[in-house]
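Letters A, B, ... mirror the listed sequences (proteins, then strands); counts begin at 1.
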Number of protein chains: 2
Amino acid sequence: MDTILNLGLNDETVLALVKATHNERFAWDCYRRFIQMYGDVVMGVQKRPNEDHEPFEVVIHTLKHDRHHADIEDTKMTVADLKELVNRFKALIKEHTGSEFPQNPWKQLWGAVGAVFGSWMNDRAMVYRRKYGIPSEWGTAVNVQAMVYGNTGDKSGSGVAFTRDPATGEKVFYGEFLINAQGEDVVAGVRTPEPVAQLKNHLPEAFAELETVRKTLESHFKDVQDFEFTIQDGKLFMLQTRNGKRTGLAAVRFAIEMEKEKLIDWKTAIRRVPADQLDQVLAPIFDRQAVKAAKCIARGLPAGPGAASGKMYLNADRAAAAAAKGEKVLLVRNETSPEDLRGMIAAEGILTAKGGVSSHAALVARQMGKVCVCGASALQIDYNAKTMTVDGSSYNEGDFLSISGTVGEVYPGEIKTAAAEIVQVLVEKSLDGKESATYQMFKKLMDWCSKVTRLQVRTNADTPEQTANAVAFGATGIGLCRTEHMFFEGNRIDAMREMILADNVEDRKKALALILPYQKQDFIGIFKELKGLPATIRFLDPPLHEFLPHEDAAQQDLAKKMGVPVAKIKQRVKELHEFNPMLGFRGCRLGIVYSEISEMQSRAIFEAAAEVQKAGIKVKPEVMIPLVGFKRELDLQVEVVHRVAKEVMAEKKVKLDYMVGTMIEVPRGALTADEIAQTAQFFSFGTNDLTQTCLGMSRDDSGSFLPPYTELEIVKRNPFATIDQVGVGQLMKMAVEKGRSTRPDIKLGICGEHGGDPDSVKFCHRIGLTYVSCSPFRVPVARLAAAQAALEQEAAKAAKPSKKK
Amino acid sequence: MDTILNLGLNDETVLALVKATHNERFAWDCYRRFIQMYGDVVMGVQKRPNEDHEPFEVVIHTLKHDRHHADIEDTKMTVADLKELVNRFKALIKEHTGSEFPQNPWKQLWGAVGAVFGSWMNDRAMVYRRKYGIPSEWGTAVNVQAMVYGNTGDKSGSGVAFTRDPATGEKVFYGEFLINAQGEDVVAGVRTPEPVAQLKNHLPEAFAELETVRKTLESHFKDVQDFEFTIQDGKLFMLQTRNGKRTGLAAVRFAIEMEKEKLIDWKTAIRRVPADQLDQVLAPIFDRQAVKAAKCIARGLPAGPGAASGKMYLNADRAAAAAAKGEKVLLVRNETSPEDLRGMIAAEGILTAKGGVSSHAALVARQMGKVCVCGASALQIDYNAKTMTVDGSSYNEGDFLSISGTVGEVYPGEIKTAAAEIVQVLVEKSLDGKESATYQMFKKLMDWCSKVTRLQVRTNADTPEQTANAVAFGATGIGLCRTEHMFFEGNRIDAMREMILADNVEDRKKALALILPYQKQDFIGIFKELKGLPATIRFLDPPLHEFLPHEDAAQQDLAKKMGVPVAKIKQRVKELHEFNPMLGFRGCRLGIVYSEISEMQSRAIFEAAAEVQKAGIKVKPEVMIPLVGFKRELDLQVEVVHRVAKEVMAEKKVKLDYMVGTMIEVPRGALTADEIAQTAQFFSFGTNDLTQTCLGMSRDDSGSFLPPYTELEIVKRNPFATIDQVGVGQLMKMAVEKGRSTRPDIKLGICGEHGGDPDSVKFCHRIGLTYVSCSPFRVPVARLAAAQAALEQEAAKAAKPSKKK
């Protein structure tokens, strides 16, 4: 928002200021500064369309050249220069606005007050408010206060500083200052400021006082402060202070070290780390120097945090082939689909030209902890030519690219990266935890969280590897094991396609029998990694057409491979085409129409469970039926599950401890949760689809209207990132109440992408869910948010007067 | 369900029956009948896969040829024949089942009882229950009763009859009988029965008694009866009676004439006509003789009642062109889309190979009162070859076809049709009402309805013509005027496409300015036809890609016409492509992102209203914003409407009486109805989309799983035809309550296709809506259902003891 300094000066008062301060240069410097700022902010003197530079800067530049034939520093301008500047500025204002610069201080004041109020609605302020979720209707106040001056001479200066380093978290005095300058000069970059520690050499007394203030501020506010100061003729003035913005890493270090310093207690330390920033400490990082030198060629949405470099490939198969040859690859697509999975697995990072932060690419990337930039709309991808064009420059498949999923930037060429320390300790196990200071801090924070958390954190994991990672990050089980990914790998996709092309139930069963051993092995691997923790396994969910190839060449290949006419494949693809596949033949609808699929999946789960249990490891499968809207859908599927479980237990002579439940992901499921809970032993909210259906808004298609919707404040937050508590949340609360009304001990969880979003996690805590589930690398974020939710509730209870005496 | 006659006979009791009746032939005839029925129903002797005829029939046939060298009538078989038949039947049973035909009567009885119970779950019973909405869990009872015999000789016989003609409604004795036969023979068609009036000639006394019974039954049951009788040795026995099934026409005539006869009062008459059959009396009809001679080549869903003949065309443009030349055409497509609209308007009837009773084809057909058969899956359509193949036979474009949308049948060639009498009176005005008996009855029924109805019936109409028809049928206004159809006709589609292809708001406004006068003219026409009745007008709703051509040739044409490169059109089509268009960039999202569209539409509405009002006709526009899920969406659109209304009223110096409201068609709209009602002056439930989103079920894609869902009784009724009261209905009730909580006088309606479904209309009455809205030809159906709902509520109140003294 706007501010106006040096207000009150005019042709008369400037002379008085000269007389009062005996500092003619200072007075005229203030006057010219005031006219420039007032002319810009209040009177609206702006660059014209055909101009390259700010008009006031042009006047300064011209004057310097007229009188000194060079670009001298502002501080070197003489009194005569400054007086001339005042005249030229006045003329500029008159020329641009047709009005005179006002001499009346009251008129100046009202003009400035109006401009500051008006700046509440300027672009910068609106963008800032959107980013930090501040509603426009709050409005603003205007402060009017006396000035202190950093521009009276060499005993004066201005600076901005942090009590600690907000990037690394280190406990050092961090900031910068300028001698003989007003605060604006430090920020504006007219002169290059010096690090704040250098102030000691210029004004040692003021610096000593500032050091004291630094400590006072932290001991008073119990948090790192970001403050502005001015030194006027050797005397220190503090202009403002506020809690300092910080990186995730710094936030953790501040919290841990301040607790050690007894500035805050451990519960405050938990609340002090912004949960959504915690995953920054887990993300791979670019080499600092290398990325500074690189040029950003396109921007997209930061969809999977971290940094990745590799050769770009525009096709999943070619990407996978290149990776198999040992190349580091980036998969670059307009958008991704499950057919691209192999390529996504193989890639260091994923870059898409279309789609939002919860597009398929983003979803899978986060699930796998992959770096991802999506919706980089400047990219023009030509699949045929195998090129990507940005802003006139063309890149060929095989060229190196680098992307930062933390900031959403794309760079040409290779930039060196490294895994985060914590990941090196927990996942790569390449670093001893004791050697890593960051890991030690992270571990302490997570241990504190465990002491207060009620809401459990599970993970969405489809493979033993993902499971192991999530458990290492502290997940207490799997909340969503998507089985569809198990149909894609290697030969299985062939059997799956055979199943889909089958004309009758016998042929379908034959094809399914080929898939069974693979699925069983997958489950065995997952159960072993879980070591007794529960696993919620979802039956096949996506529409079948996703498993068939849609391009002619791939269809020809498949026909040859399977020995069927290609027309048959085309026919089936056509039959399976849907207008709105999200609302089509998917979820439990598949298992109901083709119950042999559910039978096979049940058998794979229970045979795997029996085998692992016999090896002495406890197994807790929780079979989850997707997309249920009618109790009878669940009844029919549960019947299959129980029947197969009974069969397997008899065959293998083992007793298995399992549950059957459902996802609540269409509104009708929530509305009839009391009926459904008569059969379901647990609910898991599929908030991705529940959001899509409740809002009537397709996640993949919302890119065309969600941005204007955000600007117009129709939605405050992206509903696919943070639960829409008023709408979707209302359905969830309803389902919780209704579910408990017929099954008081029902287990309740959430397995949508929202499970890794801090605000959504807190909402889940408040409505009384048992657990949230999120992708492995989001587990720490969710654990932190869950702990914060518990603390917030504790605080809220303490604030309310107890009803009992 | 199954029945077993003549039970108790065996080798011993048959002799006793001979002795008791002195009628050897009769006794052996009963015995052979019993063995055949028991063998078939209880012991399961069925045709083998390689056999063409029923095994018992084969035995009878063989025996006749062995002994008489001819196919004599059953009644001509001698005692010796019958005895031999008994032996051969026993052998057949032994051969087929490996078991002996049981001689013990108790064993026979228990076998029969078991079979009847079992038949509750046979295919026929299940299909019947589905059709008439009878839940399986009701189960059945088994009646065991003494026999009377119609096969003792020429003084005996059996028959089935109606007290009046159930096809035409005429008060004549209607039915058929057979002398010397059991009831099964009449139904089975072994011999050709005689009309019941002929019984007078055979058995005049029995006939006279039957005539008396006919009158007694009607005066007792106060309704037309469908009964079975048997005459044993001249004595009449009544076997069963029940209310007779009837056609729509008969139902109306019964009700009207019985009221005249004082058998029932007028309120009972209203309740007596099944509302969903009323539109049968409005549908065009085939010439009776012609259709009898025709061969049905394919069956589909009866989606738009009536009969139509015309030359088949596989493409909308060619169909329209042919119709313009004066041909009668049928539009035949795999499925239809808004691009086909011109062809649908031009066609006599619409036939599709895919899609259900609420597919686009069906929806538009009913809206326009067009005959429609959809989902005739036997049709193989080859657009390139311009042929349709059915079961090996090929039909070329231009060949005549006929379809019955009442029964869902397709015939080759032309069959003569005529408009229903009522339509001739009210719409075609080609028949004086006084000349038409059917119209007189219809009018009386509708007049009665008006006396009790609380719920108003409006219509979904997009043109002056549809409006006029609906008003003639008694609509009290327009509940849904879809403006998108107004963008398709003639040149307007060009301007619309220009708008969509525009790169900036100025070009969009220019293109919209071209559409404005057309829309305005449409509204003027509609307002004039309404003569002061209210019109709810919905802003543009469908996704923009529906307005662009998707085929290469059409894109080339458009490019040439508009003078833009075809690549630009292809690019825009690609940009507008959506994964789930139902949940995409449509509804108010269009009007919010491109507010100039809403401005143009507002202006067209208000300028039209001003003009018509100045001409002395009262106008009540109700502007409806579609797909609202957030109050602020509505706020933003309402702002545009009010602004434009104010402008137009100032320009035209006129005061307009208008309202602004919203559709409730996504769950979030219902869940936040209290907020939305702060802005909305009315709600209209868009139950099509509300069903799709609440159930997570795409109407157009549900064809793959709704049929098995119905069989498995997951859904009792097609939720796109009849409101899912438990799920969607719950959201509606919630929205009604919440809406009234912040705006007690809010006007509430429904404009989904459900507005024409009697059960849904009754539900709307119960939850307190102000009106329902349906397609013009469904208005009488909805009026009848609304009256019945009022009477049902009256009856329910009367049944409850009053709380006041």
Greatest number of heavy atom pairs closer than 4.5 Å to chain B - which of [options]:
| options | value |
| --- | --- |
| A:V593, A:L671, A:V666 | A:L671 |
| A:M697, A:M734, A:M582 | A:M697 |
| A:R632, A:R668, A:E711 | A:R668 |
| A:V726, A:D635, A:V728, A:T672 | A:V726 |

Give the member of [options] that has the highest number of heavy-atom pairs under 4.5 Å with chain A.
| options | value |
| --- | --- |
| B:P708, B:S698, B:G727 | B:S698 |
| B:L712, B:L590, B:V715 | B:L712 |
| B:G703, B:S704, B:G669 | B:S704 |

Side-chain donor-acceptor contact under 3.5 Å, [X] with [Y]:
| X | Y | result |
| --- | --- | --- |
| A:E575 | A:Q571 | yes |
| A:E713 | A:S136 | yes |
| A:T352 | A:E335 | no |
| B:Q678 | B:T742 | no |

Give a yes or no on whether a salt bridge exists between [X] and [Y], defined as a side-chain N under 4.0 angstrom from a carboxylate O.
| X | Y | result |
| --- | --- | --- |
| A:D503 | A:R508 | no |
| A:D701 | B:R589 | no |
| B:R586 | B:D689 | yes |

With a 4.5 angstrom heavy-atom cut-off, is it the side chain or the backbone of [X] that approaches chain A, or both, or neither?
| X | answer |
| --- | --- |
| B:L636 | side chain |
| B:P581 | both |
| B:F579 | both |
| B:D724 | side chain |
| B:Q730 | side chain |

Quick check on A:E675 against chain B: is it the side chain, the backbone, both or neither that has a heavy atom closer than 4.5 Å?
side chain
Would you confirm whether B:H754, through its side chain, and B:P719, through its main-chain N or O, come within 3.5 Å as a donor-acceptor pair?
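At least one qualifying donor-acceptor pair exists.
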When the ring planes of A:F585 and A:Y594 are compared, do they come out parallel, tilted or perpendicular, using 30° and 60° as the limits?
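Ring orientation, 0 to 90° scale: tilted.
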